[in-house]
Structures are given as structure tokens and as C-alpha cells.
Amino acid sequence: DQQVKQNSPSLSVQEGRISILNCDYTNSMFDYFLWYKKYPAEGPTFLISISSIKDKNEDGRFTVFLNKSAKHLSLHIVPSQPGDSAVYFCAASNNYGQNFVFGPGTRLSVLP
Amino acid sequence: DTGVSQNPRHKITKRGQNVTFRCDPISEHNRLYWYRQTLGQGPEFLTYFQNEAQLEKSRLLSDRFSAERPKGSFSTLEIQRTEQGDSAMYLCASSSGHTDTQYFGPGTRLTVL
């Protein structure tokens, strides 16, 4: 049973528009969430995190929203750029950073 | 470059052989993690170390798998009697504390024929 789900395997967005990547989780004990970006032949790269005491965290073009009651988080990228094209993983932990559970990823394609 | 490094980057082996991978974390990081990633899936947690102590092992880590971090610096992951189902990308990550970001290496891609 997948505890972290990313139901959209892929997403295409026009350059300059907003990209919204979604993530749902089932374990209500998760208290720390991260988004990673992965390019081919490279390891995942950390993007942004959020703890369960917050509902929003921003870092430049990236904003993560957390809805604890819905067990849902989303990553917004505004404006989207072609260099953002990658696979995005959502990850969650119930020990504030120990042994993360990753979702299967969403492949984002930003079209020029 | 002072990021996480992993060697080898690719390993092809025959079923039944033993393989060993190495991970060199970022030097000041005391936590080191191993993950496995198969096609179309996110990384799956295998085990982690705080300094030289192995603090947690996933049930995915069968008795054919062993990991060490003898001096609290680099780590090795050994798979004995490899099976075709072991074919995957093996990722290593390090962090300076359990609330800190995990920085990933490029991974070792294992192919078992």
C-alpha cells in the first residue's frame, strides 16, 4: 500500500505558466514533507520542505502548500521555465526527517 | 566538488555474484542513508547510519544485504548472491542532522543478468 501518492505520472505546462504538482498521503503521523527534483542520470536534488505546523512555505518561484485535513500537499512553480523539466518526488516522514517515504514521481515537461 | 559521491556508477553482474557499492557523504554530515529506486518508482528507504551506528533497517533489506560505515565516514552496501530482482538504482544520501536536508549522490545502477 503506497503511503505517498502522486497520481499524475506526467504533466506538461507552457513556459511562463504555473505548474502545480500534487501529492496525497495516507499516514496521518507524517509531520515533515519535502519535494525533490531529479534530472536523468543524477540523484534527486532537494527543492523545498514544509513541516506540519505550517500550511505554506515559499522559496523563490517554488511554493509548497500543505492541507493536513485533506492529507494533501502541492508544489507550485511560477513562472515555469524549460529548465524545470524533470521528475518531481514528494517525500514524507513521521519522525521529522528520518526514513522518508517517497511518492512515485511526476514528470514535468515545460514547453518553450 | 564536495557533494555525495558513489562508486561505481554502473555495475553489471551475473546472478549469484556478490557486489559492493561505496558512498562517500559530504564530509561534515553525520547521517548517511541508502535507498533503492526501481523504474517508475520513488526511492525506497533501505537503512541509515548516524556516525558509525546503523540505527534503522527496512524490511526491504533482506539478509543478503549488508551495510557498513566503519569509521563514520564512507559507507559500503554489499549484496550477496545477487538476484535479477536486485536490479535497481542504489542511492546514497547524507545529512547533518535528522531534520536537515538529505543530499543525494548520483546513484549506482545495478543490472543483474
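Computed from heavy atoms alone, side chains included, the values below leave out hydrogens, waters and symmetry copies. Residue numbering restarts at 1 for every chain, and letters A, B, ... go by the order of the sequence lines.
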Those residues that, when tested against B:Y90, pass ring-ring contact (aromatic ring centres under 6.0 Å, His included) (two or more places apart): B:F21
Listed partners of B:S58 passing side chain to side chain contact (heavy atoms under 4.5 Å, CB included), at least two apart: B:F45, B:L60
Contact class of B:Q6 relative to chain A, heavy atoms under 4.5 angstrom: neither
Set of residues satisfying side-chain hydrogen bond (donor to acceptor under 3.5 Å, both in side chains) with respect to A:S10, sequence neighbours excluded: none
Interface residues of residues 105-113 of chain B facing chain A - non-hydrogen atoms under 4.5 Å apart: B:G105, B:P106
Audit row: B:D86, B:R15, salt bridge (Lys or Arg N to Asp or Glu O under 4.0 Å) steps and yes/no: CA-CA 9 Å; B:D86 297 331; B:R15 189 176 52 190; over 6 Å; no
Value rounded to 0.5 Å, distance of CZ in B:R69 from CD in B:Q50: 9.0 Å
A:E58 bridged to A:K56 by N-O distance under 4.0 Å: yes
